[in-house]
Undergrad: 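Quick one: this structure, given as structure tokens, is what I'll be asking you about.
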Amino acid sequence: MRVIHRILGSRQDTEMAHRLHHLAHHGAVDVLVVSSTDVARRRIRATTQSGEEIALALPRDEPLFDGAVLVLEADRALVARVGTERWLRLVPASQVAALELGYHAGNLHWRVRFADGAILVALDGPADAYLVRLGALVTDRQVTHTILDEAAPC
């Protein structure tokens, strides 16, 4: 099993793009598909599309991303492909609702981002399961919500 300890670069970097293009013409670019829920993990055991078993053991300061080049050799390459992540956009109607929403999001250990007065919650399951946890905030319309299907929300 190959163990990968670092990301070499992005498939969009000019030098890498040129080498990947050349290898792709020879069918020598393999892909590691990583679900959006696993992208934050530093250690992953997985199988590439060609069937090679690999282990990722990345440093904490080196996040995995779509298009990360993991292997680039003279005769082969391995590129990560990350699935689209779904986000639940929650907009509080007042400061009181915002404070309570922030409390719940932190207490429930949800992965969040902030954008334009909203909290974006990364969905690892059905959105309804998240909304139920917010109870009256949602049923009393103190917090409105929408679902975003994007790789990079905002």
Side-chain angles (χ1 to χ4, degrees), residues 1-92 98-134 143 145-154:
M1 174 183 300
R2 181 189 293 246
V3 180
I4 298 170
H5 296 281
R6 67 185 193 103
I7 294 171
L8 301 176
S10 170
R11 71 175 179 203
Q12 296 181 351
D13 295 342
T14 304
E15 174 70 22
M16 296 227 176
H18 178 72
R19 292 178 66 186
L20 290 170
H21 180 78
H22 175 73
L23 289 169
H25 278 287
H26 299 307
V29 177
D30 197 0
V31 174
L32 174 67
V33 177
V34 179
S35 71
S36 59
T37 56
D38 287 340
V39 75
R41 295 175 54 197
R42 299 288 167 248
R43 296 183 180 272
I44 301 172
R45 287 183 114 183
T47 304
T48 68
Q49 286 186 339
S50 72
E52 180 183 4
E53 288 189 38
I54 63 147
L56 288 180
L58 300 174
R60 288 190 177 275
D61 62 344
E62 200 162 326
L64 188 60
F65 58 90
D66 188 45
V69 178
L70 303 171
V71 174
L72 187 58
E73 298 170 343
D75 60 343
R76 69 179 297 262
L78 176 62
V79 178
R81 178 142 313 137
V82 177
T84 301
E85 187 152 42
R86 296 178 60 227
W87 296 85
L88 179 62
R89 184 173 190 270
L90 300 167
V91 180
L99 185 62
E100 190 173 343
L101 176 60
Y103 169 80
H104 285 298
N107 200 33
L108 294 168
H109 303 281
W110 290 345
R111 279 187 307 125
V112 299
R113 292 184 183 176
F114 301 94
D116 301 326
I119 293 180
L120 304 173
V121 178
L123 293 174
D124 295 328
D128 288 343
Y130 289 79
L131 296 172
V132 165
R133 304 294 297 267
L134 295 175
V143 172
H145 59 81
T146 54
I147 297 173
L148 307 173
D149 291 318
E150 301 175 3
C154 300

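The structure displayed is predicted, hence computed values, not measured ones.
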Undergrad: Should Glu52 and Arg45 count as an ion pair when the cut-off is N to O under 4.0 Å?
TA: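 No.
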Undergrad: Within a strict 4.5 Å, meaning less than it, do heavy atoms of the His145 and Tyr130 side chains meet?
TA: no
Undergrad: Determine whether Arg11 and Asp66 make a side-chain contact, defined as any pair of heavy atoms from C-beta on separated by less than 4.5 Å.
TA: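 Yes. Closest side-chain heavy atoms under 4.5 Å.
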Undergrad: Please say whether more than 12 non-hydrogen atoms of neighbouring residues, nucleotides or ligands are located less than 6.0 Å from CZ in Arg81.
TA: no
Undergrad: At what distance, to the nearest 0.5 angstrom, does CG of Asp30 lie from OG1 of Thr48?
TA: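 It comes to 3.5 Å.
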Undergrad: Taking all heavy atoms of Asp75 and all of Ala28, pick out the closest pair and write down the distance.
TA: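 Closest approach of Asp75 to Ala28, heavy atoms only: O-CB, 3.2 Å.
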Undergrad: Would Val71 and Arg76 count as a side-chain contact (heavy atoms from CB on, under 4.5 Å) here? Give the steps.
TA: CA-CA 7 Å; Val71 174; Arg76 69 179 297 262; 3.8 Å; yes
Undergrad: If I take atom CG from residue Leu64 and atom CG from residue Asp38, how far apart are they, to the nearest 0.5 angstrom?
TA: 9.5 Å
Undergrad: Atom CG in Asn107, atom CD in Glu100: separation rounded to 0.5 Å?
TA: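 Between atom CG of Asn107 and atom CD of Glu100 there are 11.5 Å.
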Undergrad: Between Arg133 and Leu108, does the side-chain contact (heavy atoms from CB on, under 4.5 Å) criterion hold? Intermediate values first, please.
TA: CA-CA 9 Å; Arg133 304 294 297 267; Leu108 294 168; 2.9 Å; yes
Undergrad: Going by heavy atoms in the side chains, are Arg43 and Leu58 under 4.5 Å from each other?
TA: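 They are not in contact (no side-chain heavy atoms under 4.5 Å apart), so the answer is no.
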Undergrad: Say you draw a straight line from CG of Leu99 to NE2 of His104; how long is it, rounded to the nearest 0.5 Å?
TA: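 So the gap between those two atoms works out to 10.0 Å.
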Undergrad: Does Glu53 CD have over 12 foreign heavy atoms under 6.0 Å away?
TA: no
Undergrad: Which atoms form the tightest heavy-atom contact between Val29 and Ala24, and what is the distance?
TA: CG2-N, 3.5 Å
Undergrad: Of the non-hydrogen atoms in His5 and Pro59, which two are nearest, and what is the gap between them?
TA: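 Between these two residues, the closest heavy atoms are O-CD, 3.2 Å.
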Undergrad: Kindly indicate, with the supporting measurements, whether the criterion side-chain hydrogen bond (donor to acceptor under 3.5 Å, both in side chains) is fulfilled by His18 and His22.
TA: CA-CA 6 Å; His18 178 72; His22 175 73; over 6 Å; no
Undergrad: Do Leu78 and Val31 come within less than 4.5 Å of each other through their side chains, counting heavy atoms only?
TA: no
Undergrad: Contact between Val82 and Val33 at the side-chain level, heavy atoms closer than 4.5 Å - yes or no?
TA: no
Undergrad: Do Phe114 and Leu120 come close enough that some side-chain heavy atom pair is under 4.5 Å?
TA: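 Answer no - side chains too far apart.
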Undergrad: Rounded to the nearest 0.5 Å, how far apart are CD1 of Ile54 and CD1 of Ile4?
TA: 4.0 Å
Undergrad: Could you tell me if the side chain of Trp87 sits less than 4.5 Å from the side chain of Leu123, heavy atoms only?
TA: no
Undergrad: Please name the pair of heavy atoms, one in Ala77 and one in Leu20, separated by the smallest distance, quoted to 0.1 Å.
TA: CB-CD2, 3.5 Å
Undergrad: Counting only heavy atoms not in Arg42 (residues, nucleotides, ligands), do more than 12 fall under 6.0 Å from its CZ?
TA: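 Count over threshold, so yes.
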Undergrad: Do any N or O atoms from the side chain of Glu62 and from the backbone of Ile7 form a donor-acceptor pair under 3.5 angstrom?
TA: yes
Undergrad: Looking at Val79, Leu56, Leu8, which hits side chain to side chain contact (heavy atoms under 4.5 Å, CB included) with Leu70?
TA: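 With Leu70 as partner, Val79, Leu56, Leu8 yield a single side chain to side chain contact (heavy atoms under 4.5 Å, CB included), made by Leu56.
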Undergrad: Can you give me the closest heavy-atom contact between Leu32 and Ala46, atom names plus distance?
TA: CD1-CB, 3.5 Å
Undergrad: Would you say that more than 12 heavy atoms from the other residues, nucleotides or ligands in this model lie under 6.0 Å from the CZ of Arg2, or not?
TA: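 Check passes, neighbour count above 12.
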Undergrad: Is the shortest heavy-atom distance from the side chain of Thr146 to the side chain of Leu88 under 4.5 Å?
TA: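 Sidechains of Leu88 and Thr146: no contact.
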Undergrad: Supply the atom-to-atom distance Ser35 OG to Arg41 CZ, rounded to the nearest 0.5 angstrom.
TA: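 Spacing of OG (Ser35) from CZ (Arg41) equals 8.0 Å.
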